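Since the model is a prediction, treat every value here as computed from it, not as a measurement.
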Amino acid sequence: MSLVATNSSSSRSEGRLLSLILAVAVLITLAPVARLFFEGITAGGNLNLGFFTEILAKPATLSALRHSLITAGLGTAISVLIGGTFAFLVALTDLRRKGALVFCLMIPMMIPPQITALSWTQIMGPSSVFLKTLGLAPPLGAPQPLYSAGGIILLLGIQHTSIIFLTLRAGLRAIPQEVVEAARISGASGLRIWGQIVLPLTLPSLLAGIAITFVTALGNFGIPAMLGIPAGYATLPTLIYQRLAGMGTTVLAEVAVLAILIGVVAICGILLQRFFQQRQRVHLVGSTGRPLSIPLGRARLPVEITLWTVIAAILVLPMAGLLATSLVPAYGVPLRFDTISLDGWHEALFRQPVTRRAFLNSFVLSVSAAALLMALCLPLAWLMDRQKTPLGRVFDSLLDLPYALPGVVLAIAMILLLINLPFTELTLYGTIWIIFLAYLARFFAVMFRPVQSSLRQFDPAMDEAAQSVGASLSRRLKDIILPLSAPSAAAGAILVFLTAFNELTVSALLWSSGTETLGVVIFNLDDSGETVMASAVAMTIVFVVMFLMAVIQATSRRLPKGVVPWQS
């Protein structure tokens, strides 16, 4: 009887804790989205579908939607070409230095899109310091080729290559070598093996990666803003930004409608991703076999040279251009021994208080978001797996929505929810707290999904045994659940920190004087013509990100398996 009473008491404690944490999680993640949709269909309080359809029918809206679909679609195609090629070669062949290739390919994903755009504009165009130094700059007055739809497509493709690479590589590594060896014994050729075995087995992973990449490219703000606004080429995120900057009596209702439009497109992409994942009919147990390693023979060296050349083109070259621009006294001056200057670095990092403030804000926001999300997601994932509730099922099915929605859309949702706190005269708009809450909503799924996946693999007998000998809920969380899920939680925390540290898309609409983040500072400096200082701040961020990644990589052997997110 005492054991039954203990189990019943423990179940009640778990239920109360689950209800509390789940309520907090719903308020953080789903309440802003619900507020956004309400504003969009009511236009400020009254059901007004006429206003909704009026905004959707505007030529500017239709043009921005078309531009978003074109740039996201073609950018995804470039990501598939580059990321798919790297994934097949790294996962399936006997290439050397695979770890270094994977590490370098992850860097573009960790570098914020506004820095990607800024770095590429520094190696092209008539004012390029890099080209002027080499004597290859086009004549003054020549157009900047990246200020176009083609430039946006190219950089979106490069920026999101890592997503395709990671998702496809995971599927490829699950193919045991024995499967291919059996096909070879049966007389199958290399192309036939690739077309009839490798590709069908990994197609769901590839299609899911394509859907994720498309949604991510659709919501990208930094690249279309820095390349599209100067060219008058608006996508939905930049149109929302420009509408909100204009303000007006109906601006929030109008941008809510635009946010719903881009949100619906993003949701369609997520539904496609889930559909493709569910279409996986072949279940592999790759961990029980040897990973596939196809010998390249004499082609190995040319293939390695080609891959490292691509890495140099998409990573080293633009960073060199960015560095060159940061070392001249004024944008457009060739870099020579007599023109090298650190004035831009000194001004941006030591004399501008906004830069120091932005570094502090970004660091505190990213660390705090990672720590609080870890504290919420660890018990929540475990309790949701133990106790199936209707609210828990709804939350689980909708959790990806704040991350799937473009950052600009989430920012609008947070403004609508927090501009006037219920039952008070207070507002969080214009404070750092609205950015912090937006980060929590944005990256909740990034932390929750890895923890949830790892906890589902654990044998519940350990927890049941501890419960049977009287271990309290807090004791089991501390001594059993936390150690077992720590590697996946650490991997999620690393991704949250590195992504939030450079974030622009959400904070672009939420910052105010005193709450600037690093992404906002770079965007504002470049927008105001301070290109040298913008390049100096951007290079500082690149160095910080690469240093942090290198430290994590160097200590990876001492860390539990699964902590480093870009390793297998």
Find out whether Leu69 and Phe214 are in side-chain contact, i.e. whether some heavy atom of one side chain is under 4.5 Å from a heavy atom of the other. yes
My understanding is that only one of Asn220, Thr116, Thr216 makes a side-chain hydrogen bond (donor to acceptor under 3.5 Å, both in side chains) with Gln159; could you say which? Thr116
Could you check if a side-chain atom of Val90 sits within less than 4.5 angstrom of a side-chain atom of Phe165, using non-hydrogen atoms only? yes
Shortest non-hydrogen contact between Pro402 and Thr29, atoms and distance: CG-O, 3.2 Å
Residues Ala493 and Ala370: closest non-hydrogen pair is O-CB, 3.8 Å
Value rounded to 0.5 Å, distance of CD in Glu304 from OG1 in Thr93: 8.5 Å
Got a donor-acceptor contact below 3.5 angstrom from the Thr235 side chain to the Pro224 backbone? no
I need the Thr85 OG1 to Ile164 CD1 distance, nearest 0.5 Å. 11.0 Å
Derivation and outcome, side-chain contact (heavy atoms from CB on, under 4.5 Å), residues Leu376 and Leu372: CA-CA 6 Å; Leu376 287 173; Leu372 184 55; 4.3 Å; yes
Would a distance-only check, ignoring hydrogens and angles, find a side-chain to backbone donor-acceptor pair under 3.5 Å from Lys98 to Leu89? no
Rounded at 0.5 Å granularity, tell me how far CG in Leu440 sits from CE in Met447. 10.5 Å
Can you tell if the side chain of Leu349 reaches within under 4.5 Å of the side chain of Phe359, non-hydrogen atoms only? yes
I need the minimum non-hydrogen distance between Leu118 and Thr121, along with the two atoms involved. O-OG1, 2.7 Å
Rounded to the nearest 0.5 Å, what separation is found between the CE atom of Met319 and the OG atom of Ser119? 3.5 Å
Heavy-atom closest pair (Leu315 atom, Cys104 atom, distance to 0.1 Å) is CD2-O, 3.8 Å
Given the rule in the side-chain contact (heavy atoms from CB on, under 4.5 Å) test, do Ser368 and Phe436 qualify, once you have shown the distances and angles that lead to the verdict? CA-CA 8 Å; Ser368 301; Phe436 179 64; 3.6 Å; yes
Test your reading of the model: is there a side-chain donor-acceptor pair from Asn361 to the backbone of Glu516, 3.5 Å cut-off? yes
So, applying side chain to side chain contact (heavy atoms under 4.5 Å, CB included) with Phe86, which one of Leu95, Leu81, Ile311, Val102 is it? Ile311
For Tyr147 versus Ala231, what's the shortest heavy-atom pair and its separation? O-CB, 3.2 Å
For a 4.5 angstrom cut-off between non-hydrogen side-chain atoms, does Leu378 reach Met374? yes
Test item: Phe448 and Phe443 side chains (from C-beta on) under 4.5 Å apart, heavy atoms: no
Using atom types as modelled and distance alone, determine if a side-chain donor or acceptor of His160 lies under 3.5 Å from a backbone N or O of Leu156. yes
To the closest 0.5 Å, what do you measure between OG1 (Thr161) and CD1 (Ile82)? 4.0 Å
Candidate pair Val446 and Thr499, rule side-chain contact (heavy atoms from CB on, under 4.5 Å), full reasoning: CA-CA 10 Å; Val446 176; Thr499 308; over 6 Å; no
Under 3.5 Å: donor-acceptor pair, side chain of Thr355, backbone of Ala348: yes
Quick one: side chains of residues 70-80, donor-acceptor pairs under 3.5 Å with protein atoms, not counting sequence neighbours, listed by atom name and distance.
{"from": "Thr71", "atom 1": "OG1", "to": "His67", "atom 2": "O", "distance (Å)": "2.8"}
{"from": "Thr71", "atom 1": "OG1", "to": "Ser68", "atom 2": "O", "distance (Å)": "3.3"}
{"from": "Thr76", "atom 1": "OG1", "to": "Ala72", "atom 2": "O", "distance (Å)": "2.7"}
{"from": "Ser79", "atom 1": "OG", "to": "Gly75", "atom 2": "O", "distance (Å)": "3.2"}
{"from": "Ser79", "atom 1": "OG", "to": "Gly157", "atom 2": "O", "distance (Å)": "2.7"}

Arg96 and Arg300, any side-chain heavy atoms less than 4.5 Å apart: yes
Return the minimal non-hydrogen interatomic distance between Gln122 and Thr325, and the atom names on each side. OE1-OG1, 2.9 Å
What side-chain donor-acceptor pairs closer than 3.5 Å can you find for residues 533-551, not counting sequence neighbours?
{"from": "Ser535", "atom 1": "OG", "to": "Thr531", "atom 2": "O", "distance (Å)": "2.8"}
{"from": "Thr540", "atom 1": "OG1", "to": "Ala536", "atom 2": "O", "distance (Å)": "2.8"}

Rounding to 0.5 Å, atoms CG (Leu168) and CD1 (Ile163) come to a distance of 13.5 Å
Check step by step if side-chain contact (heavy atoms from CB on, under 4.5 Å) holds for Leu327 and Trp345. CA-CA 8 Å; Leu327 294 176; Trp345 289 76; 3.7 Å; yes
Is the shortest side-chain heavy-atom distance between Leu322 and Ile115 below 4.5 Å? yes
Atom CZ of residue position Arg356 - does it have more than 12 heavy atoms of other residues, nucleotides or ligands inside 6.0 Å? yes
